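Okay, structure first, notes after.
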Amino acid sequence: MNTVPEKPVLEGLEATWSARWAEQGTYAFDRSKSREEIFSIDTPPPTVSGSLHVGHVFSYTHTDLIARYQRMRGKEVFYPMGWDDNGLPTERRVQNFFGVRCDPSLPYEADYTPPDKPDAKRQVPVSRRNFIELCNRLVEEDELVFEQLWRTLGLSVDWNQKYTTIGDESQVVSQRAFLRNVARGEAYQQDAPTLWDVTYQTAVAQAELEAREYPGAYHRVAFHGADGPIHIETTRPELIGACVALIAHPDDERYQPLFGTTVRSPLFGVEVPVVAHASAEPDKGSGIVMCCTFGDLTDVIWWRELQLPNRTIIGRDGRILPDAPEWISDEAGLGLYAEIAGKTTFTARELTVAALKESGDLDGDPKPTQRMANFYERGDKPLEIVSTRQWYIANGGRSAELRKALVARGDEIDWVPTYMQSRLTNWIEGLNGDWLVSRQRFFGIPFPVWYRLDAAGEPDYDAPILADEASLPVDPASQAPPGFEDSQRGEPGGFMADPDVLDTWATSSLTPQIVCGWERDPELFAKTFPMDLRPQGHDIIRTWLFSTVVRSHLEHGGIPWSHAALSGFVVDPDRKKMSKSKGNVVVPDEILSTYGADAVRWRAAGARPGADSPFDEAQMKVGRRLAMKVLNASKFVLAAEEAYGLGADAAHLDPVRVTEALDLAMLSRLRLVVTEATAAFEAYDYATALEVTEKFFWDFCDDYLELVKERARRDDAGGASAKSAFVLALSVQLRLLAPFLPYVTEEVWSWWQEGSIHRAPWPDNGTDLTTSEQDPTLLASAASVLADIRGAKSVAKVSQKTPISSLTITATKDRLDVLRLAIADVVAAGRVSVDPVYVADSSVESFMVQATPAAV
RNA sequence: GGGCGAAUAGCUCAGUUGGUUAGAGCAUCCGGUUUACACCCGGAAGGUCGGGGGUUCGAGUCCCUCUUCGCCCA
């Protein structure tokens, strides 16, 4: 006990204490506690294939602040950490890192070693299983780096509760939840127009869309009617061969005579009907448009609502299909089709435009335009729409009733900040299709599904063979379905695996079920689910938050967590979101080693929930200064016997010894701080909790300690009062600061207390501060008079040591009466060598002080 | 075009239910080195609270409108 270092430093605290916490299991979850005693957190699993930037550091700190507060409040905190290693980001990283690509047609090589000198441009094809092994290898390395960073930052997660989104448990949960969705009719497969990324060759869900400006040109093209040409305007003339109708607004008088008739398409000579639909815009272009299968999402709506035929000419590789479709019979049309077959849409467009010019069907020159096109958020070519068979999960996109139910679930959740709820409501109400969950990728969780092959070797999609829940996790690509031998794979009369993997969100949406042990550990599940808190970024409300609500609603008929806390972004000084592609990312390692984890956490805590916060390195210094101040002030308060007669003597913690008015007033004010900080934390407002605590702490150091310094040296009742007030106040303040500055507070705690401060109880006025009440403004009054005395010396440009030879204090009588209770401390701290003169004046605000420094 | 949010000191932000002279930190300038701390302390300067209109005895705060910025969605 009482081992206060001579010169305390911040360096090395992270290494020392994070190791100690791991060793002692400081944050280990005790599952013997009851549901009421447990606070469970649904941590976002960061994408390990990316890199962490300060934005992550900030938002994970926000969660940790709440976790530490709840723990000190006596809750047993269930705080797992996951890694999102599943999905396309990992595939891309593996391709670049090892210089390989997945070719599912290749056989597995047992002792495969990737190229020595990876060349991302010339990727070596490897089997699917080899590819997945490489994925697993790389994510393991990445995950260690991430864990180290989180440990340094001081996240109080229980590292025994670790999960990965590609791990077995995640596979079991994802597959089981999917099978149950199928059983209840919530998951189904459908052959339907699907948004398709031609680069990645995969289907893309609505939530993954990103609308971007894309250059194009309007082409004014003539269709041939009985009474002359009908001009339409299109940005995609290469789709003329896929045209199924011309569409105009029902009230458009120009085209009303044509409704019900047919016109002939240019170049291909296909007869297409002219039909009316209310969503055609009369004042856009010529007011009549061609509907193709499929140029954009509007085409899909028209195709569906007007029951038009499907005339697809674009394949999944984004190229024109090789064989001429049966609806083209015109000789010249077949000739042109032969020319564009197999070409990219870009080339096909050029060829088509040339042909239109030649035939005279192009009116004028194409007019350049910027149009909004849908992109896969990770892709760089506009999405095509192709007809494919995909799995879907109901999410309300096709059911107003389900939408209503999901919006109502949003109401059951407490949102921090509250206005974020409208983002969820908005998203749900704007849904226009169910959730597409199949992806044509490799590193993901496979569908636990096979299909029978008929005598001709054709799959029977209508009667999928589903895996038994007991057999999960299952990899249909390497395991045969029940009742089949693996030799029957791909054989007529045999079976084939569903080749797809589940959307990464189809796993992430189940993080509560994964961590809480759904069906695996019913006791744990009962104690942790529904969870207490989902912390996450506001940018993924439509994806992660929404899909988690969907799964929980479908599976459990309830909400997945009672609170959702949304963190803002850290933006660069120009208020732009940090992103790798913009090159404005700030890497956390350097910041952490330069300023220390406590300083970085302090800065993170200053960003209020939901609010974006610009990154400013200068702010870190302030946090570091606070951490340093905690060390020094604590050292002073706990100083060695010989210096101040203080020590870590437990007797000093006895509130009865506090008798002096100023000490009582300081503690009274501290009681207000405890009340405010606690209320703020209860409302998840860590920023306010820090603000009030920090403000008090600086006043405590700069005013209170300065005022009492002299008296504390004395060996009488006044000295004892000060010493006891010191340690009482320090104990409470360290605990108030512990969530923010876990390292420095733990360090100081270890000088004079047993056990970890992070398992110490949150301050409570009823048990920690039982001293009698004193007007809490006394501290501020005494401080303000002292400040005026110092100011007088500062103005006179004399040393603060200079005695004051004349002091007159003017204030209302009431204020003077209060001030007099602590005047001895003021006089001592201000080096006043005379008795102060008091002037009662009811018209004076606050205090008017006239102080004259003695002539030097 | 729709939804949500933001606009207060050079910068980052507080500012409860309208109520004296709008606050803090950083940066700047001036002064101080008293044995916890120079990774320190004190002081000063710095604002027509985005513009306009309205309600009110009184508006940074409430209402209307406009402008600019951010995020999400069309």
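Naming convention: chains lettered A, B, ... in sequence-line order (proteins, then strands); numbering from 1 in each chain. This is a predicted model, so every value here is computed, not measured.
- Remark: C1' of B:rG1 and CD of A:Glu281 are 11 Å apart, rounded to the nearest angstrom.
- Nucleotide B:rG47 forms a pair with no other nucleotide shown, judged by Watson-Crick or G-U wobble geometry with both contacts under 3.5 Å.
- Using a 4.0 Å heavy-atom criterion, one finds that A:Ala787 contacts the sugar-phosphate atoms exclusively.
- The side chain of A:Val622 sits closest to B:rG25 out of B:rC41, B:rG25, B:rC39.
- Look at B:rU55: it lacks any Watson-Crick or wobble partner with both distances under 3.5 angstrom.
- Atom CG in A:Leu626 sits about 16 Å away from atom P in B:rA38, given to the nearest Å.
- A:Asp715 CG to A:Lys723 NZ: the interatomic distance, rounded to the nearest 0.5 Å, is 5.0 Å.
- Nearest nucleotide to the side chain of A:Lys801, out of B:rG70, B:rU34, B:rU12: B:rU34.
- Rounded to whole Å, the C1' atom of B:rG42 lies 46 Å from the corresponding atom of B:rU55.
- Closest contact between the side chain of A:Arg831 and the listed nucleotides B:rU34, B:rC71, B:rC37 involves B:rU34.
- Side chain of A:Lys793 to backbone of A:Thr802: a donor-acceptor contact under 3.5 angstrom is found.
- Base pairing annotation: B:rC40 forms a Watson-Crick or G-U wobble pair with B:rG32, both donor-acceptor distances under 3.5 Å.
- Nucleotide B:rG5: paired with B:rC69 (Watson-Crick or G-U wobble, both distances less than 3.5 Å).
- Taking the side chain as every heavy atom from C-beta outward, A:Ser634 and A:Leu730 approach each other to under 4.5 Å.
- Distance noted for atom P between B:rG19 and B:rA59: 11 Å (whole Å).
- As the counterpart of B:rC26, B:rG10 is assigned, both hydrogen-bonding distances of the Watson-Crick or G-U wobble pattern falling under 3.5 Å.
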Checklist line | Working for side chain to side chain contact (heavy atoms under 4.5 Å, CB included), residues A:Phe681 and A:Thr688 | finding: CA-CA 8 Å; A:Phe681 258 126; A:Thr688 298; over 6 Å; no
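- Listed nucleotides: B:rC4, B:rU34, B:rG42. Nearest to the side chain of A:Tyr419: B:rC4.
- The C1' atoms of B:rC63 and B:rG18 are separated by 13 Å, rounded to the nearest whole Å.
- With both ends at atom P, the span from B:rC69 to B:rC62 equals 24 Å, rounded to whole Å.
- Looking at heavy-atom distances under 4.0 Å, A:Trp602 makes no contact with the nucleic acid at all.
- For the pair A:Phe636 CZ and B:rU35 P, the computed distance is 11 Å after rounding to whole Å.
- Between A:Asp825 atom CG and B:rU34 atom P the separation is 22 Å, expressed in whole Å.
- Going from the P atom of B:rC37 to that of B:rA24 covers 27 Å, rounded to whole Å.
- The A:Arg603 side chain lies nearest to B:rU12 when the options are B:rU34, B:rC26, B:rU12.
- Following rounding to the nearest Å, A:Lys709 (NZ) and B:rC41 (P) show an atom-to-atom distance of 11 Å.
- One atom, CG of A:Leu545, and another, C1' of B:rC4, lie 15 Å apart when rounded to the nearest Å.
- Looking at which nucleotide of RNA chain B each of A:Lys7 and A:Arg608 is closest to, the 5′-most match is held by A:Arg608.
- Scored by the side-chain hydrogen bond (donor to acceptor under 3.5 Å, both in side chains) test, A:His277 finds A:Ser279, A:Trp302, A:Glu305 as partners (sequence neighbours excluded).
- Atom CZ in A:Arg625 sits about 9 Å away from atom C1' in B:rC26, given to the nearest Å.
- Nucleic acid contact for A:Asp539: none, since no nucleic acid atom lies under 4.0 Å from a heavy atom of the residue.
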Next item on the list: Report the C-alpha separation of A:Tyr214 and A:Phe375 in whole Å, then their side-chain angles, then the decisive distance to 0.1 Å, and conclude whether the ring-ring contact (aromatic ring centres under 6.0 Å, His included) test is met.
Entry: CA-CA 10 Å; A:Tyr214 192 71; A:Phe375 286 75; 5.6 Å; yes
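- Just one residue in the list A:Leu670, A:Val630, A:Thr693 forms a side chain to side chain contact (heavy atoms under 4.5 Å, CB included) with A:Gln733, and that residue is A:Leu670.
- Rounded to whole Å, atom C1' of B:rG42 lies 9 Å from atom CG of A:Asp702.
- Closest contact between the side chain of A:Gln619 and the listed nucleotides B:rC71, B:rC39, B:rU12 involves B:rU12.
- Nucleotides B:rU61 and B:rU56, compared at atom P, are 16 Å apart to the nearest Å.
- Annotation: B:rG60 and B:rU12 have their P atoms spaced 23 Å apart (nearest Å).
- B:rG18 is unpaired under the Watson-Crick or G-U wobble criterion, no partner having all donor-acceptor distances under 3.5 Å.
- For the C1' atom pair drawn from B:rA9 and B:rG5, the interatomic distance equals 23 Å after rounding to whole Å.
- Residue A:Asn426 is the one, among A:Asn426 and A:Glu691, whose nearest nucleotide of RNA chain B lies closer to the 5' end (criterion: closest heavy atom).
- Within the 4.0 angstrom heavy-atom criterion, base atoms lie near A:Glu706.
- By the 4.5 Å heavy-atom criterion applied to side chains, A:Met620 and A:Ile591 are counted as neighbours.
- The shortest distance between the side-chain N/O atoms of A:Lys793 and the OP1/OP2 oxygens of B:rC41 is not below 4.0 Å.
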